[in-house]
Novice: 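Take a look at this one; I'll ask things after.
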Amino acid sequence: MAEERTDGKPADGTESHDPDFPEAFLSFMRQGWRDTSLPVGPRPEVPHHAKRRAALSAAFPGETLVIPTGTEKVRANDTDHPFRPGSDFAYLTGDHEPDSVLVLRPNGSGHDATLFMRPRSSRETDEFFRSRHGELWVGRRHTLVEKSTELGLATEDLSALDGALARMAPGRTRVLRGFDQRVDAAVRPWDGPREEGQPGRDRELAIAIAELKLVKDEWEVAQLQEAVDATVRGFEDVARALPADRGVSERLLEGIFALRARHDGNDVGYGSIVGAGEHATILHWVHNHGATRPGELLLMDMGVENRNLYTADVTRVLPVDGRFTPLQRQVYDAVYAAQQAGIDAIRPGVAFRDVHLTSMRVLAEALKDLGLLPVSVDEAMDPASTVYRRWTLHGTSHMLGIDVHDCSNARKEKYRDGALGEGYVLTVEPGLYFQPEDELVPEELRGIGVRIEDDILVTATGSVNLSAGLPRRSDEVETWLAEQREAGPRLPG
């Protein structure tokens, strides 16, 4: 593929401030290097990725499918954000390198899969020491053969992609758009209805991949359990460092969890929410510039993304000084009861929406007991009213997998308005949030926010809580927090 960046940076990987090297230095750098090979073998997950590609192939017989992973994104000037591959691309290939593109070409009985990738920079050019892609700057990349061996995929040099794209018929080609501007520009969208900015035919490709992702196989469930187990350890790390008698910054606690995520996985699965006191009432609080205070609550919504990019998503609320006040416990126990009701409702065939409504009725009843609902519980639950949502706002569940909000391109009838199936993994995370400025609640409630979130696998007969390693009941949370503090801080090992 012809080198062309879309961020204004030189395509050859050099920078304007790079020095002009003298020929004597260049000549010296080009000699005396021993070649190396990477000790690669087929990854154990290769059959799982092949199975997914086969399912996608069956959905689009006779059509060419193009799935890019995306490019590096500039953070500031000549520094990039850490690259995280496109989820759909990673789901189909297992590859984590930037700029790569998966192409599925019809072959009469299915599709031939080819991975277009940037291969290693050999010593035949100066790229290995002069370019931002060079091995002396970023490390050894795979050769085409090495990558093919590792992933069980045919590979071609990325430089050949332009020609391959030019030969694709628009009416028989679908592109996963929005990930690589070069690919989007190279394949003209086929005329048709547009949804969410994508041509209808391309939108159908995104939908098909999302709906394949709804059902997790045994390998994916194991990946999620690994991510959850690391998340449990991360919560333990934070609890062991949380003082009962003085405040510490939210960012300290965020950093402690991030250390576990980087050590035991790839990274955090999303920006950690560490909300002390009234910050717990802000649903997506990610500034984390506050501090804990004894006597208040601490809400933490955090998840480790494992090395295969599957992520946990867990929320716990801790009493900073070790014990809930009676009012804090009343709110916490109401949220716990709502969450347990939602979890108990989960089984194959149950409407996704009914899990939410089950939890919400329990919360509405709790709000009535607190004297907050201006109407009856039944009236509050009426779709024409839903006034109870003033204090809860968000949905109870979302799908979980290789994205923290997985399968978001699935059709409503398969997801939001659909029924749960065996192998689905979803969160259950009701919450109550009493804003500090809310004059419709008693002053003593203002600034209290509670959410409890767990990751639930739908089984043939019901469900399994993958994050059961962290306690949920208020008395168990107090005991667990005391045990962690007694054990003392630790480094990942």
Side-chain angles (χ1 to χ4, degrees), residues 280-284 297 299 301 313 315 317 327-400 405 407-408 410-421 424-456 458 462-463 465 472-474:
T281 68
I282 301 173
L283 301 186
H284 284 176
L297 299 179
L299 183 153
D301 186 335
D313 185 6
T315 305
V317 171
L327 185 58
Q328 289 169 349
R329 191 183 303 273
Q330 182 180 0
V331 175
Y332 185 97
D333 288 350
V335 175
Y336 169 79
Q339 190 204 29
Q340 189 60 53
I343 293 173
D344 289 344
I346 292 176
R347 61 185 180 277
V350 167
F352 175 86
R353 189 180 302 275
D354 285 350
V355 177
H356 169 75
L357 293 175
T358 298
S359 289
M360 290 301 101
R361 174 164 284 276
V362 176
L363 289 186
E365 290 169 349
L367 290 167
K368 189 67 174 178
D369 292 342
L370 287 166
L372 300 181
L373 278 189
V375 297
S376 70
V377 171
D378 285 342
E379 289 176 284
M381 293 297 296
D382 189 311
S385 169
T386 69
V387 294
Y388 70 91
R389 297 195 68 165
R390 178 184 177 100
W391 299 287
T392 185
L393 287 177
H394 59 81
T396 302
S397 299
H398 59 78
M399 296 300 170
L400 184 70
H405 288 177
C407 313
S408 60
R411 291 168 292 175
K412 284 186 176 181
E413 58 267 31
K414 291 289 187 177
Y415 187 169
R416 294 291 177 187
D417 297 335
L420 300 177
Y424 285 27
V425 177
L426 66 157
T427 64
V428 180
E429 49 176 309
L432 286 174
Y433 312 93
F434 302 111
Q435 305 299 326
E437 307 85 8
D438 191 345
E439 295 186 350
L440 296 187
V441 301
E443 185 175 354
E444 60 270 21
L445 273 175
R446 296 173 195 166
I448 292 178
V450 173
R451 178 168 66 254
I452 311 171
E453 178 180 19
D454 285 271
D455 303 338
I456 310 298
V458 183
S463 68
N465 184 352
R472 294 185 296 127
R473 279 182 14 200
S474 56

Novice: If the condition is ring pair (Phe, Tyr, Trp, His ring centres under 6.0 Å), which residues does Tyr424 pass it with, not counting sequence neighbours?
Specialist: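 For Tyr424 there are no ring pair (Phe, Tyr, Trp, His ring centres under 6.0 Å) partners, ignoring immediate neighbours.
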Novice: Say you draw a straight line from CD1 of Ile343 to OG1 of Thr427; how long is it, rounded to the nearest 0.5 Å?
Specialist: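 It is 10.0 Å, given to the nearest 0.5 Å.
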Novice: Can you check whether Ala337's main-chain N or O pairs, donor with acceptor, with Gln340's side chain at less than 3.5 Å?
Specialist: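 Pair absent, no side-chain N/O of Gln340 close to backbone of Ala337.
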Novice: Which pair of heavy atoms, one from Asp333 and one from Ser474, lies closest together, and at what distance?
Specialist: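 Here Asp333 and Ser474 meet closest at OD1-OG, 2.9 Å.
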Novice: With a cut-off of 6.0 Å (strictly less than), are more than 12 heavy atoms of other residues, nucleotides or ligands near NZ of Lys368?
Specialist: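 Atom NZ in Lys368 is packed in, count exceeds 12.
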Novice: What's the shortest heavy-atom distance between Leu432 and Ala334, and which atoms?
Specialist: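 Scanning both residues, the minimum pair turns out to be CD1-CB, 4.4 Å.
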Novice: Please step through side chain to side chain contact (heavy atoms under 4.5 Å, CB included) for the pair Leu445 and Val331, ending with a clear verdict.
Specialist: CA-CA 9 Å; Leu445 273 175; Val331 175; 3.8 Å; yes
Novice: Which residue in the set Thr281, Thr392, Asp301 passes side chain to side chain donor-acceptor pair (under 3.5 Å) when paired with Arg451?
Specialist: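 Between Arg451 and the candidates, side chain to side chain donor-acceptor pair (under 3.5 Å) is satisfied uniquely by Asp301.
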Novice: What verdict does the side chain to side chain contact (heavy atoms under 4.5 Å, CB included) test give for Ile452 and Thr315, after you've listed the backbone C-alpha separation in whole Å, the side-chain angles of each residue and the deciding distance to 0.1 Å?
Specialist: CA-CA 5 Å; Ile452 311 171; Thr315 305; over 6 Å; no
Novice: Name every donor-acceptor pair, under 3.5 Å, that has one atom in a side chain of residues 358-367 and the other anywhere in the protein, sequence neighbours excluded.
Specialist:
residue, atom, partner, partner atom, Å
Thr358, OG1, Asp354, O, 2.7
Ser359, OG, Ala338, O, 2.8
Arg361, NH1, Asp378, OD1, 3.2
Arg361, NH2, Asp378, OD1, 3.0

Novice: Restricting to side-chain contact (heavy atoms from CB on, under 4.5 Å), what partner residues turn up for Arg353, sequence neighbours left out?
Specialist: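 Here the qualifying residues are Leu357, Asp417.
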Novice: What's the separation between atom OH in Tyr388 and atom CG in Leu393, rounded to the nearest 0.5 Å?
Specialist: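 Separation between the atoms: 10.5 Å.
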Novice: Taking all non-hydrogen atoms of both residues, which atom of Leu373 and which atom of Ala380 are closest, and how far apart?
Specialist: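 Leu373 and Ala380 have their closest heavy atoms at CD1-CB, 3.9 Å.
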Novice: May I ask you to decide if Gly395's main-chain N or O and His356's side chain share a donor-acceptor pair within less than 3.5 Å?
Specialist: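 Not confirmed, His356 side chain does not pair with Gly395 backbone.
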Novice: Identify the two heavy atoms, one from Gly349 and one from Ala419, that lie closest to each other, and give their separation to 0.1 Å.
Specialist: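 In terms of heavy atoms, the two residues are closest at O-CB, 3.7 Å.
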Novice: Could you check Asp313 against His405 for side-chain hydrogen bond (donor to acceptor under 3.5 Å, both in side chains), going step by step and ending with a plain yes or no?
Specialist: CA-CA 9 Å; Asp313 185 6; His405 288 177; 5.0 Å; no
Novice: Would you please name every residue forming a ring pair (Phe, Tyr, Trp, His ring centres under 6.0 Å) with Tyr415, sequence neighbours left out?
Specialist: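 Per chain and number, Tyr415 pairs via ring pair (Phe, Tyr, Trp, His ring centres under 6.0 Å) with Phe352.
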Novice: What are the two closest heavy atoms between Val317 and Tyr332, and how far apart are they?
Specialist: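 The pair with the smallest heavy-atom distance is O-CE1, 3.9 Å.
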Novice: Taking it one step at a time, do Ile448 and Val450 satisfy side chain to side chain contact (heavy atoms under 4.5 Å, CB included)?
Specialist: CA-CA 7 Å; Ile448 292 178; Val450 173; 4.3 Å; yes
Novice: Quick one: pull up CG in Leu426 and CE in Met399 and give me the separation to the nearest 0.5 Å.
Specialist: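 The distance works out to 5.5 Å.
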Novice: Where is the tightest heavy-atom contact between Ser397 and Val355, given as atom of each residue plus distance?
Specialist: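 Looking at all heavy atoms of both residues, the shortest contact is OG-CG1, 4.0 Å.
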Novice: Quick test of your reading: applying salt bridge (charged side-chain N to carboxylate O under 4.0 Å, His left out), list the pairs with at least one residue in residues 431-447, sequence neighbours left out, ordered by first then second residue.
Specialist: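 For residues 431-447: Arg390-Asp438.
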Novice: Counting distance only, does the side-chain N/O of Gln339 pair as donor-acceptor with the main-chain N or O of Val428 below 3.5 Å?
Specialist: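 The answer is yes, because a donor-acceptor pair under 3.5 Å joins these two groups.
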Novice: Looking at residues at least two apart in the chain, or sitting in another chain, which of them share a side-chain contact (heavy atoms from CB on, under 4.5 Å) with Asn465?
Specialist: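 Once residues adjacent in sequence are excluded, the partners of Asn465 under the side-chain contact (heavy atoms from CB on, under 4.5 Å) criterion are Asp454, Ile456, Ser467, Ala468, Arg472.
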Novice: Kindly say whether Arg389 contributes a backbone atom to a donor-acceptor pair with the side chain of Thr386 at under 3.5 angstrom?
Specialist: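 Judged by distance alone, no pair lies under 3.5 Å.
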Novice: Would you kindly say whether His394 and Glu429 are connected by a side-chain donor-acceptor distance under 3.5 Å?
Specialist: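 Short answer, no.
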Novice: Tell me, with the steps shown, if Leu370 and Phe434 meet side chain to side chain contact (heavy atoms under 4.5 Å, CB included).
Specialist: CA-CA 12 Å; Leu370 287 166; Phe434 302 111; 4.1 Å; yes
